[in-house]
*Asks:* 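A single structure is presented below for examination.
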Amino acid sequence: MARRLRSVGLDFVESAPLRLVFAAEVSAPPDVVYRALADDVEGWPSWFTSVTAALPLDGGAGREVRLRGGITFRETIVATDPGERYAYRIDQSNAPGLQALLEEWRLTPAGTGTRVQWTFAADGSALFRFTLRRARGAVGRSFRDAVRNLDRRLSAAAA
């Protein structure tokens, strides 16, 4: 059953008790990557394999996301800076021990492509924080695989 999480603002990206930050590059320009993140919400499962379903809500102001393993998120979009940043706060989740979560995707030009930086800013029970710290490597692999898949998808669409 989903529980309401603590509401946090964009500053949580810097102040969260637990921050996982990963970066990778794609060949598409920032505006194209941004559209894949922000406008093609339903397309996320095709490149981010941890995501099994993603649906826009409230006219694009929110999302409902389902992950492998049965974890669900109901999110509110908190930043939409086209070509630069896309961020959302998780308002409800069934993830055990999770108390607050904000994810930010930063996009910066890198040659003709884009450097994608994903910050996973979280708070939760001591067990949640311990488990997530131990899972850092797996979360990083999931991110890198997702960005590689996104790069392939965007390259194929441009061809």
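Fair warning: this is a prediction, and the values are worked out from it, not measured in the lab.
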*Asks:* So do the side chains of R66 and L55 get within less than 4.5 Å of each other, counting heavy atoms only?
*Replies:*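 They are not in contact (no side-chain heavy atoms under 4.5 Å apart), so the answer is no.
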*Asks:* What heavy-atom pair brings P30 and G113 nearest, and what distance separates the two atoms?
*Replies:*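 Taking P30 first and G113 second, the nearest heavy atoms are CD-O, 3.9 Å.
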*Asks:* If you group Ile, Leu, Val, Met, Phe, Trp and Tyr whenever their side-chain heavy atoms sit less than 4.5 Å apart, what else falls in with F12?
*Replies:*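 F12 shares its hydrophobic cluster with V8, L10, V13, V78, L102.
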*Asks:* Let me know which of F48, W118, W47 forms a ring pair (Phe, Tyr, Trp, His ring centres under 6.0 Å) with F143.
*Replies:*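 Filter result, single survivor: W118.
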*Asks:* What distance do I71 atom CD1 and T52 atom OG1 have between them, rounded to the nearest 0.5 Å?
*Replies:*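 Here the interatomic distance stands at 11.0 Å.
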*Asks:* Return the minimal non-hydrogen interatomic distance between A16 and A121, and the atom names on each side.
*Replies:*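 In terms of heavy atoms, the two residues are closest at CB-CB, 3.6 Å.
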*Asks:* Roughly how far, to the nearest 0.5 Å, is OG1 of T114 from CG of D151?
*Replies:*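 One gets 9.0 Å once the value is rounded to the nearest 0.5 Å.
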*Asks:* Run the numbers on R115 and R106 for side chain to side chain contact (heavy atoms under 4.5 Å, CB included), then give the verdict.
*Replies:* CA-CA 8 Å; R115 180 178 187 271; R106 284 270 184 186; over 6 Å; no
*Asks:* Ignoring hydrogens and angles, tell me if any N or O in the side chain of R68 forms a donor-acceptor pair with the backbone of T49 under 3.5 Å.
*Replies:*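 Confirmed, R68 side chain pairs with T49 backbone.
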*Asks:* Taking all heavy atoms of V147 and all of E25, pick out the closest pair and write down the distance.
*Replies:*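 Closest pair (atom of V147, atom of E25, distance): CG1-O, 4.2 Å.
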*Asks:* Measure the spacing between OG of S93 and CZ of R74 and express it to the nearest 0.5 Å.
*Replies:*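 Rounded to the nearest 0.5 Å, the OG-CZ separation comes to 13.0 Å.
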*Asks:* Tell me whether D145 is salt-bridged to R148, with the criterion being a basic N under 4.0 Å from an acidic carboxylate O.
*Replies:*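 Salt bridge between D145 and R148, a charged N being under 4.0 Å from a carboxylate O: yes.
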*Asks:* Do you know which two heavy atoms are closest between S50 and S142, and how far apart they sit?
*Replies:*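 It is OG-OG, 3.0 Å.
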*Asks:* Run through Y86, Y88, Y34 and flag the one making a side chain to side chain donor-acceptor pair (under 3.5 Å) with W105.
*Replies:*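 Among Y86, Y88, Y34, the one that satisfies the side chain to side chain donor-acceptor pair (under 3.5 Å) with W105 is Y88.
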*Asks:* Could you walk me through whether L37 and L107 pass the side chain to side chain contact (heavy atoms under 4.5 Å, CB included) check?
*Replies:* CA-CA 11 Å; L37 294 172; L107 310 173; 4.2 Å; yes
*Asks:* Looking at every heavy atom in both L98 and R3, which two are closest together, and how far apart are they?
*Replies:*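 Scanning both residues, the minimum pair turns out to be O-NH1, 3.1 Å.
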*Asks:* Could you check whether any side-chain heavy atom of T108 comes within less than 4.5 Å of a side-chain heavy atom of Q117, counting everything from C-beta outward?
*Replies:*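 No, too far: nothing below the 4.5 Å cut-off.
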*Asks:* Tell me the closest heavy-atom pair linking L154 and A36, and the distance in Å.
*Replies:*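 Closest approach of L154 to A36: CD2-CB, 4.1 Å.
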*Asks:* For E75, which of R63, R89, Q92 qualifies under side chain to side chain donor-acceptor pair (under 3.5 Å)?
*Replies:*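 Only match with E75 under side chain to side chain donor-acceptor pair (under 3.5 Å): R63.
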*Asks:* Give, for atom CD of E104 and atom CZ of R19, the distance between the pair rounded to the nearest 0.5 Å.
*Replies:*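 One gets 9.0 Å once the value is rounded to the nearest 0.5 Å.
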*Asks:* Supply the atom-to-atom distance F128 CZ to D123 CG, rounded to the nearest 0.5 angstrom.
*Replies:*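 Here the rounded value is 8.5 Å.
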*Asks:* To the closest 0.5 Å, what do you measure between CG (D58) and OG1 (T76)?
*Replies:*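 So the gap between those two atoms works out to 7.5 Å.
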*Asks:* Is R129 atom CZ crowded by more than 12 heavy atoms from other residues, nucleotides or ligands, each under 6.0 Å away?
*Replies:*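 Result for CZ/R129: enclosed.
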